[in-house]
Novice: 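Dropping a structure here in structure tokens format, bear with me for questions.
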Amino acid sequence: MASLDRVKVLVLGDSGVGKSSLVHLLCQNQVLGNPSWTVGCSVDVRVQDYKEGTPEEKTYYIELWDVGGSLGSASSIKSTRAVFYNSVNGIMLVHDLTNKKSSQNLYRWSLEALSKDSSPTGVIVSNGDYDREQFAENSVPLLLIGTKFDQIAETKRSEVLTRTAFLSEDFNAEEINLDCTNPRYLAAGTSNAVKLSRFFDKVIEKRYFTRDTSPMIGFADRKRFNFKSLHYD
């Protein structure tokens with residue numbers, strides 16, 4: 001069997017949000033029974049049929065790099081983690097829908113990966129409007145994934161989904177909300193499955209079918225991050 005072309009997708013987010021469970025579900029189509037903390041980075045592979053059902057259909061490997069650690073890690077750990085950010089073709093930003101801080105921290109995670117030469121702890125935040133131009137200029141496809149959807153009370157879901165919609169707009173990315181212990185959230189034909197396939201197709205297209213195939217760009221200009229509802233202590 002001929003080897004398949006592949007793309008590299010980072011899976012980023014705070015410890016405990018369910019990244020390992022998500023990757024296992026995406027790659028094995030099974031629930032991860034006993035998830036453990038990821039040390040360093042864990043890599044799993046998913047098969048993706050690019051433009052499935054069309055004359056251009058072709059099969060690719062999607063490498064999902066589950067990066068462990070936390071934003072509060074020592075600088076030496078962050079420096080080690082930066083090794084995983086080379087030659088990236090796409091990024092999944094994962095947050096726990098029941099933990100607002102994990103959602104806020106996605107700004108720092110994305111900056112750590114997209115601006116490898118600067119520390120995300122140097123991001124300046126103040127009252128005002130969030131500057132979306134930072135991510136609008138980014139060429140790396142992003143997908144926002146909220147986990148533990150089943151743990152949100154019915155009375156709180158509207159509020160939480162409104163918050164995630166703002167995140168999606170900030171990152172210029174589609175969003176998927178799910179429960180990693182229930183494969184039905186990613187069943188064929190669901191809106192989540194369609195969004196996921198569309199994201200992977202976009203990653204493949206950026207890597208293999210665009211004139212500029214450079215895998216990643218950083219932010220050329222450091223700007224002030226301003227937004228009203230989110231802040232860091």
Side-chain angles (χ1 to χ4, degrees), residues 8-46 48 62-73 77-78 81 84-85 88 90-113 120 141-154 156-157 159-168 170-171 173-188 190-200 203 230:
K8 176 180 178 179
V9 174
L10 292 177
V11 183
L12 301 179
D14 286 356
S15 297
V17 298
K19 299 190 301 296
S20 297
S21 296
L22 172 68
V23 170
H24 190 80
L25 181 61
L26 292 177
C27 296
Q28 309 300 329
N29 197 30
Q30 294 178 343
V31 174
L32 182 60
N34 296 298
S36 58
W37 299 109
T38 300
V39 177
C41 182
S42 176
V43 182
D44 208 340
V45 177
R46 172 188 172 95
Q48 172 73 8
I62 308 290
E63 294 182 350
L64 296 178
W65 289 55
D66 172 11
V67 180
S70 66
L71 288 171
S73 302
I77 297 177
K78 291 178 182 177
R81 201 159 57 210
F84 306 131
Y85 300 154
V88 170
I91 300 176
M92 288 181 168
L93 296 170
V94 186
H95 62 122
D96 176 352
L97 294 170
T98 69
N99 181 348
K100 186 181 293 186
K101 189 65 175 180
S102 73
S103 304
Q104 295 172 346
N105 282 343
L106 291 182
Y107 294 97
R108 291 185 173 185
W109 277 111
S110 58
L111 282 169
E112 181 176 289
L142 305 176
L143 180 65
L144 183 68
I145 299 182
T147 62
K148 307 183 184 180
F149 185 72
D150 58 308
Q151 298 181 24
I152 304 173
E154 289 285 350
K156 292 287 187 180
R157 287 192 175 181
E159 174 187 338
V160 171
L161 292 178
T162 297
R163 173 162 52 86
T164 63
F166 280 117
L167 275 176
S168 176
D170 280 349
F171 287 114
E174 287 195 294
E175 61 172 322
I176 290 176
N177 298 314
L178 48 68
D179 166 19
C180 293
T181 66
N182 189 343
R184 288 183 297 177
Y185 279 89
L186 293 174
T190 62
S191 61
N192 281 348
V194 171
K195 290 177 182 178
L196 187 67
S197 181
R198 188 157 54 213
F199 168 70
F200 287 140
V203 171
L230 301 179

Novice: Using the side chain to side chain contact (heavy atoms under 4.5 Å, CB included) rule, take L143 and L93 through it: C-alpha gap first, then chi angles, then the decisive distance, then the call.
Specialist: CA-CA 6 Å; L143 180 65; L93 296 170; over 6 Å; no
Novice: Step by step, would you call T190 with N192 a side chain to side chain donor-acceptor pair (under 3.5 Å)?
Specialist: CA-CA 5 Å; T190 62; N192 281 348; 5.5 Å; no
Novice: Is the backbone N or O of L26 less than 3.5 Å from a side-chain atom of R46, with the two atoms forming a donor-acceptor pair by type?
Specialist: yes
Novice: Is there a donor-acceptor contact under 3.5 Å linking the side chains of S197 and Q48?
Specialist: yes
Novice: Tell me if a side-chain donor or acceptor on K8 pairs with a main-chain N or O of F84 at a distance below 3.5 Å.
Specialist: yes
Novice: NZ/K195 to CG/L186 distance, rounded to the nearest 0.5 angstrom?
Specialist: 11.5 Å
Novice: Output, in order, the C-alpha distance, side-chain angles, deciding distance and verdict of side chain to side chain donor-acceptor pair (under 3.5 Å) for D44 and W65.
Specialist: CA-CA 7 Å; D44 208 340; W65 289 55; over 6 Å; no
Novice: Hey, what do you get for CD1 (I176) to OG1 (T164), rounding to the nearest 0.5 Å?
Specialist: 12.0 Å
Novice: Let me see the working for S110 and L142 under side chain to side chain contact (heavy atoms under 4.5 Å, CB included), right down to the final yes or no.
Specialist: CA-CA 9 Å; S110 58; L142 305 176; 5.6 Å; no
Novice: Salt bridge check, E112 against R81: does any charged N sit closer than 4.0 Å to a carboxylate O?
Specialist: yes
Novice: Measuring only between side-chain heavy atoms, which start at C-beta, is Y85 closer than 4.5 Å to L12?
Specialist: yes
Novice: Looking at side-chain heavy atoms only, is the closest gap between I91 and V9 below 4.5 Å?
Specialist: no
Novice: Within the structure provided, determine whether N177 and L97 are in side-chain contact (heavy-atom separation under 4.5 Å).
Specialist: yes
Novice: Evaluate side chain to side chain contact (heavy atoms under 4.5 Å, CB included) for M92 paired with L196, printing each intermediate quantity in order.
Specialist: CA-CA 10 Å; M92 288 181 168; L196 187 67; 3.6 Å; yes
Novice: Is the Y185 ring parallel, tilted or perpendicular to the F149 ring (thresholds 30°, 60°)?
Specialist: perpendicular
Novice: Could you measure the distance from the OG atom of S168 to the CZ atom of R163? Nearest 0.5 Å is fine.
Specialist: 13.5 Å
Novice: Atom CG in D150, atom CG in L178: separation rounded to 0.5 Å?
Specialist: 9.5 Å
Novice: Determine whether S21 and V31 make a side-chain contact, defined as any pair of heavy atoms from C-beta on separated by less than 4.5 Å.
Specialist: no
Novice: Just so I know, are the side chains of V194 and R198 near enough to count as touching, which here means a heavy-atom distance under 4.5 Å?
Specialist: yes
Novice: Going from CZ on R157 to OG1 on T162, what distance comes out if it is rounded to the nearest 0.5 angstrom?
Specialist: 13.5 Å
Novice: Find the distance between CG (D14) and CZ (R108) and round it off to the nearest 0.5 Å.
Specialist: 10.0 Å
Novice: Have S103 and H95 got a donor and an acceptor in their side chains that come within less than 3.5 Å?
Specialist: yes
Novice: So do the side chains of C27 and L64 get within less than 4.5 Å of each other, counting heavy atoms only?
Specialist: yes
Novice: For S102 versus N99, what's the shortest heavy-atom pair and its separation?
Specialist: OG-O, 2.7 Å
Novice: Is T147 reaching over with its side chain to a backbone N or O of V17, donor-acceptor style, under 3.5 angstrom?
Specialist: yes
Novice: Check whether any side-chain heavy atom of P183 lies under 4.5 Å from a side-chain heavy atom of L25, and answer yes or no.
Specialist: yes
Novice: Show, in sequence, the C-alpha distance, side-chain angles and deciding distance for D66 and V43, and conclude whether the side chain to side chain contact (heavy atoms under 4.5 Å, CB included) test is met.
Specialist: CA-CA 6 Å; D66 172 11; V43 182; over 6 Å; no
Novice: With a 3.5 Å distance limit and no angle check, can you tell me whether K19 reaches the backbone of G13 through a side-chain donor-acceptor pair?
Specialist: yes
Novice: With distance as the sole criterion, is a donor-acceptor pair present between the side chains of Q151 and D96 under 3.5 Å?
Specialist: no
Novice: In the structure I gave you, are the side-chain heavy atoms of I62 and V45 within less than 4.5 Å of one another anywhere?
Specialist: no
